[in-house]
Amino acid sequence: MPRWLLFVLLAVGCRGAAARGLEGVVLEVEGQPRPGAEVVVLTQEPARGGDGLVFETVPVTADEQGRFVYDQPYKPGVEFYVLGALARTAEGYGLGGWWEPTWRYPAREYVPQLLITAPVSMRGEVVDSAGNPLPGATLTVTKVNLDAVTEPNTGSTAWINGARTRLPWPATWPPLTTTTDEAGRWQLDGLPRQGFELAVRCPGYAGSSTLVSHSDIIQAPQVTVALARAGSVAGRVLTPAGEPVADLPLRLESIQVDEAPEAAWTAQTDAQGRYGFDGVWTGSLTLRSATATADAALPFQDLRLEDGQALVLPDIVAVPTRPLTITARDAATGEPLPGVTLSGRLGDAGVRLTEASSPVSGADGQLALRTSVGGYQLIALPPPGWQAVGAEGGGLGGIIDGYLAPDAPAPPAPIDVAFERTRAVRGRVVEEGGAPLAGLEVSLERWTPWSYASDLTDDQGRFELANVPLTGSFEVYCQELWGYQRSARTIEAADLPADEWLITLPAEEYAPLTGRIVDAAGQPVADVEVLVKVDDGPFTRRMELYLQTDADGRFTTPPVPVELAWYASVDHPDVAPRDAEPLATATSFGDIVVTVQPGAGAREEGEG
């Protein structure tokens with residue numbers, strides 16, 4: 001009989017602890033710690049320049065008490081997500097989703113209970129579209145599902161913390177992969193019972209991503225995967241005058257390219273303007289130019305390839321391109337800045353630039369592009385130690401957004417993009433008396449031109465602000481992640497310390513606030529949302545904490561400043577609205593009596 005484990009994942013968001021990620025513990029079902037359990041935390045953020053997503057796997061190991069900690073690097077203004085955590089032991093797997101934008105709500109607290117369940121085995125076959133077996137096909141687990149986690153109390157299936165996604169199989173774990181035999185049969189052992197995604201590949205056939213759900217494992221432990229034969233796409237590119245367009249780089253992409261990078265193919269036209277792609281996966285495809293420096297561009301084409309089809313496209317007439325020059329300069333001296341790249345989209349032809357495919361500014365600071373008529377949207381990406389000068393009164397710098405009209409002068413005037421030097425500012429935040437303050441957001445904001453740098457303090461109160469400009473006047477903010485501003489003042493760039501910056505804040509009393517929601521008969525009201533807030537005049541002192549009552553109707557906040565005027569209210573369709581309740585004592589709301597009646601708290605349509 002498999003050994004059950006209890007895996008408790010806690011989001012740390014309290015004063016006195018580093019609110020920078022996750023802290024958890026792996027326990028056996030009897031409550032004993034499970035030392036040495038392998039845990040990985042999976043994160044996601046946009047790539048630089050917005051070109052796709054970057055996934056990272058962070059391995060941690062449970063200590064002798066079964067505890068593990070993940071310190072999340074704070075990235076201001078970046079949609080940085082903790083996707084979830086996976087645990088692996090000899091007894092099986094456990095996982096939990098997070099899916100909160102942790103730069104925005106890193107202090108929100110969740111305590112899901114996750115069971116590590118015994119692994120399973122599955123078998124099946126891989127066939128072609130006619131049902132013939134395919135020997136030599138490979139099957140590899142690429143993701144683990146989050147769509148079937150059983151709640152221990154109710155037995156129902158629930159989304160853990162709203163995470164409607166599948167987690168990438170950790171690169172630090174041994175791969176789960178196998179190959180079909182001569183009869184096309186396969187078997188995989190040690191699979192996560194929660195469900196998984198299989199990448200199936202076979203030479204000469206289109207790749208497949210097959211989802212095996214928790215219910216599939218229960219109902220049908222055999223899976224047959226049918227693969228379509230790969231096809232080909234060919235054609236010719238001509239000028240408006242009917243002449244061949246030679247040496248034009250092209251890119252053909254499947255709609256699966258985001259999940260399978262190999263689902264993209266490149267080619268270049270020959271002297272007769274002909275191109276060809278072989279081994280192309282079936283399904284929906286997009287064909288476009290793969291360069292932003294050619295004299296012509298291929299208007300992007302949407303097409304569909306069927307099983308084994310040799311698709312020959314009609315001749316495509318290329319559109320002419322015009323020069324578009326971007327000049328990168330040092331805002332302080334006007335000198336050209338080398339090392340700048342671009343990311344974005346050019347013209348009606350839909351040519352896409354990435355940091356990898358972009359030209360790079362040289363000693364003259366210039367990036368020479370060619371674009372078809374139409375709109376273009378680009379982001380200038382500076383070298384280390386620089387940032388684009390922000391817009392006056394707020395807004396990011398380095399945004400190049402324009403439209404090249406058919407009757408525009410040729411060539412259009414060069415576009416200047418200004419950059420400024422930056423440096424890192426390091427320091428510590430402490431209370432009077434020297435005690436470090438952890439989990440505080442320290443930020444420097446300059447309005448003219450706009451610039452923003454921010455970081456969270458660690459357990460020792462340390463922070464590091466990257467990309468701080470060398471000039472200007474800054475507002476310095478120290479605030480809790482749930483909104484409470486501990487201090488605000490102004491400082492000149494020239495006055496920022498060259499070494500460690502020590503910020504000392506007045507001591508304040510913090511404590512958790514508690515309360516209990518009951519009905520008119522004094523019975524607890526469980527599983528309702530409680531809003532605990534402060535509305536104390538200035539915007540910076542308006543704070544909200546969303547909590548959930550437990551089975552006894554109780555709720556508890558993380559430690560908060562007790563000097564503020566806190567109020568609690570209930571928001572639930574079956575709870576009648578009532579005025580927010582103030583604190584009954586210094587740290588307790590006491591019993592808040594509500595009227596429970598089906599539909600009593602439902603909002604009218606359109607009410608926000």
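- Note: Tyr452 and Trp450 have parallel aromatic rings, judged against thresholds of 30 and 60 degrees for the angle between ring planes.
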| query | So Thr549 and Val530, side chain to side chain contact (heavy atoms under 4.5 Å, CB included) or not? Walk me through it. | reply | CA-CA 7 Å; Thr549 59; Val530 179; 3.7 Å; yes
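- Under the 3.5 Å distance criterion, the side-chain polar atoms of Thr341 are left unmatched by any main-chain donor or acceptor of Glu355.
- Side chains of Glu480 and Glu441 form no contact here, defined as non-hydrogen atoms less than 4.5 Å apart.
- Ala453 and Ala466 get closest at one heavy-atom pair: CB-O, 3.4 Å.
- Leu440 contributes atom CG, which lies 5.0 Å from atom CG of Leu437 (distance to the nearest 0.5 angstrom).
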Show every donor-acceptor pair shorter than 3.5 Å between a side-chain atom in residues 487-496 and any protein atom, with sequence neighbours excluded, or say none if there are none.
{"residue": "Thr490", "atom": "OG1", "partner": "Glu475", "partner atom": "OE1", "Å": "3.4"}
{"residue": "Thr490", "atom": "OG1", "partner": "Glu475", "partner atom": "OE2", "Å": "2.8"}
{"residue": "Glu492", "atom": "OE2", "partner": "Ser473", "partner atom": "OG", "Å": "3.1"}

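- Side-chain atoms of Asp330 never come within 3.5 Å of backbone atoms of Gly334 as a donor-acceptor pair (strictly under, hydrogens ignored).
- Arg329 has no carboxylate O lying under 4.0 Å from a charged side-chain N of Glu420, or vice versa, which leaves the two without a salt bridge.
- Between Tyr376 and Ile400, some side-chain heavy-atom pair lies under the 4.5 Å cut-off.
- Shown here for Ser343 and Thr354, the closest heavy-atom pair between the two residues is OG-CA, 4.3 Å.
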| request: Please step through side chain to side chain contact (heavy atoms under 4.5 Å, CB included) for the pair Leu583 and Leu513, ending with a clear verdict. | output: CA-CA 9 Å; Leu583 284 165; Leu513 306 181; 4.3 Å; yes
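- Here the shortest heavy-atom pairing between Val594 and Val570 reads CG1-CG2, 4.2 Å.
- Looking at every heavy atom in both residues, Phe196 comes nearest to Leu211 through O-CD1, 3.6 Å.
- Taking CG from Leu381 and OG from Ser358, the interatomic distance works out to 7.5 Å, rounded to the nearest 0.5 Å.
- Between Leu547 and Glu529 the shortest side-chain heavy-atom distance does not fall below 4.5 Å.
- Using a distance-only test at 3.5 Å, with no hydrogens or angles considered, a donor-acceptor pair links the side chain of Arg428 to the main chain of Gln460.
- A perpendicular orientation is assigned to the rings of Trp501 and Phe463, their planes being inclined by more than 60° (bins at 30° and 60°).
- Going from atom CD of Glu464 over to atom OG of Ser454 covers 12.5 Å, rounded to the nearest 0.5 Å.
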| said: Please evaluate residues Leu531 and Tyr546 with respect to the criterion side chain to side chain contact (heavy atoms under 4.5 Å, CB included), reporting the C-alpha separation (whole Å), side-chain torsions for both, the decisive distance (0.1 Å), and the verdict. | reply: CA-CA 5 Å; Leu531 169 61; Tyr546 291 90; 3.8 Å; yes
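- Panel note: side chain Trp566, backbone Pro561; a donor-acceptor pair is recorded below 3.5 Å.
- With contacts defined as side-chain heavy-atom distances shorter than 4.5 Å, the pair Cys478/Val442 qualifies.
- Summarising the geometry of Val389 relative to Pro449, their closest heavy-atom pair is CG1-CG, 3.4 Å, with the distance given to 0.1 Å.
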| query | side-chain hydrogen bond (donor to acceptor under 3.5 Å, both in side chains) between Gln387 and Ser451: does it pass, once the steps are laid out? | reply | CA-CA 9 Å; Gln387 72 175 14; Ser451 175; 3.0 Å; yes
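- Using modelled atom types and a 3.5 Å distance limit, the side chains of Glu563 and Tyr510 yield no donor-acceptor pair.
- With salt bridges taken as basic N to acidic carboxylate O contacts below 4.0 Å, none links Glu500 and Arg426.
- For CG of Asp401, the number of neighbouring non-hydrogen atoms (other residues, nucleotides, ligands) closer than 6.0 Å is greater than 12.
- When side chains are defined from C-beta on, Val468 does not count as touching Thr422, because their heavy atoms never get closer than 4.5 Å.
- Using modelled atom types, one side-chain atom of Arg486 and one backbone atom of Pro506 make a donor-acceptor pair closer than 3.5 Å.
- The line from OG of Ser443 to CZ of Phe474 is 11.5 Å long, rounded to the nearest 0.5 Å.
- Residues Pro469 and Arg421 form no side-chain contact, since every pair of their non-hydrogen atoms from C-beta on lies 4.5 Å or further apart.
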| Should Glu581 and Tyr567 be marked as a side chain to side chain contact (heavy atoms under 4.5 Å, CB included) after you check the CA-CA gap, both sets of side-chain angles, and the distance that decides it? | CA-CA 5 Å; Glu581 191 77 15; Tyr567 292 83; over 6 Å; no
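- Going from atom CZ of Phe555 over to atom CG of Asp550 covers 10.5 Å, rounded to the nearest 0.5 Å.
- Looking at Asp552, its side chain never comes within 3.5 Å of a backbone N or O of Arg554 through a donor-acceptor pair.
- Two residues are said to be in side-chain contact when any heavy atoms from C-beta on lie closer than 4.5 Å; Val575 and Gln597 fail this criterion.
- Between Glu432 and Thr504 there is a side-chain heavy-atom pair separated by less than 4.5 Å.
- Here OG1 of Thr587 is found 8.5 Å from CD of Glu509. Values are rounded to the nearest 0.5 Å.
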